[in-house]
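As the structure is a prediction and not an experimental result, all values here were calculated from the model.
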Amino acid sequence: MEFSTIQGDIAAESADALVNAAGTSLRMGSGVAGALRRGGGEALGDAAVAAGPVDLGGVAVTDAFDLDADYVIHAAAMPHYGDGRATAESIRDAARNALEAADERGCASLVMPALGCGVAGFDLAEGARIIAEVIDAYEPTHLRDVRLIAYSDGEFETLQRVADSVRG
């Protein structure tokens, strides 16, 4: 399926679903999770913890609370903080499961960060390639607008380059 790359703060995006780069415990600490928790309110953090833990590569779905979305899909591409790093398989599974969770709920739009990269320790270019390939191969029922988001200039340049190479 077609997708775009954008730069910005995921908590400021408007979409049917926003994807949280989560650990298996679903505790919302720093990075993407922290931005979403600050934007969505403490109730989002509480709901995430109540929905967890999930298996590595698994997802849980909560209300988006104060965010401009219907859902937050917490995609566990990494083990609980401090218990290891993301893997190619966990990133692939988390990305695919996030797309499926949004599609099953009738979402037309979704914003996804570079799952498993950053604090989870996986190489950004390699992780972005895995996610872009999963999105590119996905055959949606409802999803039409999927955005892969980066926060910093350098991260955006990498995502854009990798996405362009995957899209051919």
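Under a 3.5 Å cut-off, the side chain of D103 and the backbone N or O of T141 do form a donor-acceptor pair. Of the possible donor and acceptor atoms, one in the side chain of N97 sits under 3.5 Å from a partner among the backbone N and O of G57. For the pair D16 (side chain) and S109 (backbone), a donor-acceptor distance under 3.5 Å is present. Checking side-chain atoms of D66 against main-chain N and O of G39 turns up no donor-acceptor pair under 3.5 Å.
Between N20 and T62 there is no side-chain heavy-atom pair separated by less than 4.5 Å. Contact annotation: the side chain of S25 never approaches that of V49 to less than 4.5 Å [non-hydrogen atoms, C-beta and beyond]. Residues H74 and M28 form a side-chain contact, since some pair of their non-hydrogen atoms from C-beta on lies under 4.5 Å apart. When side chains are defined from C-beta on, P79 counts as touching L56, because their heavy atoms get closer than 4.5 Å.
Remark: R161 does not engage D164 in a salt bridge, criterion side-chain N to carboxylate O under 4.0 Å.
Within the structure, salt bridge (Lys or Arg N to Asp or Glu O under 4.0 Å) contacts touching residues 35-44 (residues at least two apart or in different chains) are R37-E42.
Closest non-hydrogen pair, A11 versus L67, comes out as O-CD2, 3.5 Å. Contact between F3 and A132 at its shortest, heavy atoms only, is CZ-CB, 3.6 Å. Of all heavy-atom pairs between V54 and A76, the closest is CG2-CB, 3.6 Å. Pairing each heavy atom of S14 with each of R147, the nearest pair is O-NH2, 3.0 Å. Across all non-hydrogen atoms, the minimal contact from A128 to V162 is C-CG1, 3.7 Å. Residues A114 and L124 approach most closely at CB-CD1, 3.7 Å, considering heavy atoms.
Residues L110 and Y138 share a single hydrophobic cluster, defined by chaining ILVMFWY side chains whose heavy atoms lie under 4.5 Å apart. Note: the hydrophobic cluster containing V59 does not contain V111 (ILVMFWY, side chain heavy atoms under 4.5 Å, direct or indirect links). Residues I10 and V146 fall into different hydrophobic clusters, defined by Ile, Leu, Val, Met, Phe, Trp and Tyr side chains chained together at heavy-atom separations under 4.5 Å. One hydrophobic cluster holds both I131 and I73 under the rule that ILVMFWY side chains link at heavy-atom gaps under 4.5 Å. Linking Ile, Leu, Val, Met, Phe, Trp and Tyr residues whenever their side-chain heavy atoms come within less than 4.5 Å places Y71 and L148 in a single cluster.
Going from atom NE2 of H142 over to atom CZ of R105 covers 11.5 Å, rounded to the nearest 0.5 Å. One finds the CZ atom of R92 at 7.5 Å from the CD atom of E133 (value rounded to the nearest 0.5 Å). Within the model, atoms OG1 of T5 and CD of E157 stand 11.0 Å from one another, a figure rounded to the nearest 0.5 Å. Expressed to the nearest 0.5 Å, how far CD of E13 lies from CG of L36 amounts to 10.5 Å. Taken to the nearest 0.5 Å, the CG atom of L44 stands 8.0 Å off from the CG atom of D63. Here the OG atom belonging to S90 is positioned 9.0 Å from the CG atom belonging to L115, to the nearest 0.5 angstrom.
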V19 and L99: CA distance, side-chain angles, deciding distance, side chain to side chain contact (heavy atoms under 4.5 Å, CB included) verdict: CA-CA 9 Å; V19 179; L99 292 168; over 6 Å; no
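Other residues, nucleotides and ligands place no more than 12 heavy atoms under 6.0 Å from the OH atom of Y151.
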